[in-house]
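Reading through the structure tokens given below for one structure.
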Amino acid sequence: MEHDLIAALATPWGVSALAVIRTSGPGAVEAVAALADNADRVRSADGGRMLRTLLIHPEGDDILDEVMLGIFRAPHSYTGEDAVEIFCHGSPAGIQRILGALYRSGFRAAEPGEFTQRAFLAGKMDLTRAEAVHEIVQAQTATGHEMALARLGGSVEAAIDEAKRDLVQIMAAVAVQLDYPEEDTGEIVIPPETVSAARRRLEDLAATYRTGRLYQEGARVALAGRTNAGKSSLFNAFLREERSIVSETHGTTRDYIESRIDLGGIPVQLYDTAGLRQTDESIEGEGIRRTRTVVESADLVVYVVDGTTGLNDEDRDVLAARGERVVAVWNKADAEGCAPAPEGFLSVSARTLTGIHELVARIVAELTPERTFRQGSPVIDSLRQKNLLERAAAALGEVESGLAAGYPVDAISVDLQEAIAALGEITGEVTSEDILDAVFGGFCLGK
Ligand SMILES: Nc1nc2c(ncn2[C@@H]2O[C@H](COP(=O)(O)OP(=O)(O)OP(=O)(O)O)[C@@H](O)[C@H]2O)c(=O)[nH]1
Ligand SMILES: [Mg+2]
């Protein structure tokens with residue numbers, strides 16, 4: 001990729017107090033300076049400075065905007081190149097005019113992820129950190145954000161490097177023997193414990209992908225149950241607002257309602273649904289049909305039973321059909337006539353909010369994969385990384401079987417090499433243009 005001058009809006013299109021237009025490339029400072037009313041000062045400014053300036057249209061002398069310029073000099077910038085960040089007023093029309101002026105002055109529109117791609121190519125960050133940049137921007141909850149931030153800090157890179165170090169050491173010894181078979185270098189002993197320890201570490205890291213996805217992408221949770229059980233009341237309790245209509249009339253909710261909430265750090269899409277009952281009414285029937293679709297596709301169902309009326313056969317059927325991935329709730333614990341919660345039911349009151357904390361904890365526990373992460377250890381959120389980790393672990397599995405079967409060192413070294421190569425691909429030591437396009441193509445513009 002040739003490194004020309006690129007520019008892009010790094011903030012969303014729309015009316016805002018400020019917007020940031022990012023530029024980068026050799027000569028970026030001079031090219032932006034040519035549009036400034038105090039061109040000489042901009043041209044001679046040191047990196048790491050902010051300058052106030054008026055931007056003037058390159059053809060004619062129209063003032064485009066009054067802006068602040070953040071000046072960066074290579075290699076001390078995000079991309080490692082000369083770069084200027086333009087802090088302008090957040091008017092879409094004004095931004096359009098500034099971008100137009102930049103395009104007329106030698107800049108072209110940056111591709112999605114191009115700034116970060118340049119940072120990677122300049123050796124500013126490895127591929128796991130580059131992917132973390134995108135993951136941070138996408139994070140929806142504080143926990144998801146924290147996990148991505150740890151990856152940006154290099155937690156995944158460090159874990160990969162640690163696993164790779166041992167393997168490279170073994171490989172180096174093997175390579176000497178393979179290269180100089182006539183020399184008496186002694187019998188190479190590949191310690192199987194080292195190989196299996198590395199394999200387990202890689203498998204554990206790959207397994208964190210489900211946790212990473214859960215906290216990044218989230219889960220779908222549906223409230224279901226018979227009419228009048230208190231689904232809408234619970235829905236509102238979770239949202240802490242009167243969003244869904246609650247009434248003592250059976251069949252109040254006819255269409256499902258959804259909302260995004262943060263449950264213990266997991267971004268959850270929560271659904272309130274139509275109460276299940278036999279009905280001849282066609283609109284309610286359609287609502288119930290839609291409810292079944294939502295319930296079937298949900299990651300978890302919170303099945304609500306009215307504790308004052310108790311369980312009936314339909315409840316038992318639905319609960320049995322669902323099997324797992326269901327939390328059974330015994331609602332209206334505050335009411336006079338509420339029977340004690342049967343075995344396996346969580347007693348709550350949507351009215352007084354008793355038991356709601358426990359319910360949230362149960363939902364989080366049900367959604368969280370078994371092999372979960374230890375606090376402070378890295379969690380991955382990239383399918384690319386997961387696949388490569390699994391490839392490396394599988395290759396190490398082959399090494400272990402080869403060792404057990406007493407295969408010759410040269411046969412074993414092929415798998416060892418494969419594992420090292422897969423790890424190198426994760427951090428981006430070895431990459432092809434295709435891989436880079438795939439990684440950076442999913443980024444936002446201006447990143
Ligand atoms: N005492 C008491 N009443 C509740 C509780 N939760 C809900 N109710 C009442 O039960 C009735 C039904 O509540 P909804 O939340 O509308 O029930 P629903 O399951 O959404 O009902 P449909 O939309 O008809 O399927 C209302 O009169 C609520 O005030 C609770 O925890 N305690
Ligand atoms: Mg309802």
Side-chain angles (χ1 to χ4, degrees), residues 140 213-214 217-263 266-332 335 338-339 341-342 344-351 355-356 359-360 362-367:
Q140 304 183 57
R213 281 282 71 193
L214 178 65
E217 186 124 301
R220 292 150 60 91
V221 175
L223 292 158
R226 280 190 287 141
T227 54
N228 233 40
K231 301 176 294 299
S232 300
S233 306
L234 266 178
F235 184 76
N236 292 344
F238 278 121
L239 265 56
R240 297 193 193 90
E241 67 173 296
E242 297 304 313
R243 172 83 174 70
S244 191
I245 301 174
V246 168
S247 95
E248 62 204 17
T249 312
H250 285 253
T252 303
T253 309
R254 296 182 150 213
D255 223 340
Y256 63 81
I257 301 174
E258 53 190 302
S259 189
R260 199 95 179 150
I261 56 166
D262 177 342
L263 276 193
I266 301 171
V268 164
Q269 189 77 9
L270 186 69
Y271 293 84
D272 177 23
T273 63
L276 304 170
R277 67 165 171 180
Q278 293 299 331
T279 177
D280 297 330
E281 214 270 298
S282 70
I283 298 172
E284 190 182 358
E286 176 59 20
I288 292 173
R289 201 187 60 73
R290 291 182 188 194
T291 290
R292 294 199 194 279
T293 313
V294 169
V295 165
E296 273 159 28
S297 67
D299 298 298
L300 185 71
V301 170
V302 175
Y303 193 83
V304 189
V305 174
D306 181 343
T308 63
T309 53
L311 275 172
N312 73 357
D313 287 344
E314 193 181 354
D315 295 323
R316 289 192 194 90
D317 287 350
V318 176
L319 283 167
R322 183 74 194 175
E324 44 189 53
R325 306 294 255 166
V326 61
V327 173
V329 166
W330 197 254
N331 189 33
K332 310 196 186 181
C338 188
F345 279 77
L346 207 65
S347 171
V348 309
S349 163
R351 180 163 292 174
I356 295 289
L359 178 54
V360 170
R362 267 293 292 285
I363 293 173
V364 170
E366 287 290 329
L367 290 175

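For the pair V268 and L367, the minimum side-chain heavy-atom distance is below 4.5 Å. For the pair I261/L239, a side-chain contact is recorded, criterion being any heavy-atom separation below 4.5 Å from C-beta on. Using a 4.5 Å heavy-atom threshold, the side chains of P267 and R260 count as touching. Contact of the N228 side chain with the R226 side chain is not registered, since no non-hydrogen atoms from C-beta on lie closer than 4.5 Å.
Considering CD of Q269 and CG of D299, their distance stands at 11.0 Å, rounded to 0.5 Å. Note that CG of L223 and CG of L270 are 5.0 Å apart. Values are rounded to the nearest 0.5 Å. The line from CG of N331 to OG1 of T308 is 9.0 Å long, rounded to the nearest 0.5 Å. Interatomic distance, OG of S233 versus CD1 of I245, reported as 12.0 Å (0.5 Å rounding). Annotation: the span from K231 atom NZ to L276 atom CG amounts to 7.0 Å, rounded to 0.5 Å. For the atom pair OG1 (T279) and CD (E284), the distance works out to 4.0 Å, reported to the nearest 0.5 Å.
A salt bridge is defined here as a Lys NZ or Arg NE, NH1 or NH2 lying under 4.0 Å from an Asp or Glu carboxylate O, and R220 with E258 fails to meet this definition. Between K332 and D306 there is a salt bridge, since at least one side-chain N of the basic residue sits less than 4.0 Å from a carboxylate O of the acidic one.
Around the CD atom of E241, the shell of radius 6.0 Å holds more than 12 heavy atoms that belong to other residues, nucleotides or ligands.
The closest side-chain donor-acceptor pair between S232 and D272 falls under 3.5 angstrom.
With sequence neighbours left out, E296 forms a salt bridge (Lys or Arg N to Asp or Glu O under 4.0 Å) with no residue at all. For the salt bridge (Lys or Arg N to Asp or Glu O under 4.0 Å) test, no residue two or more places apart in sequence or in another chain qualifies with R322.
A ring-ring contact (aromatic ring centres under 6.0 Å, His included) check over residues 238-257, counting only residues at least two apart or in different chains, returns the pairs Y256-Y271.
Side chain of T291 to main chain of A274: a donor-acceptor pair is present (N/O by atom type, distance under 3.5 Å, no hydrogens or angles).
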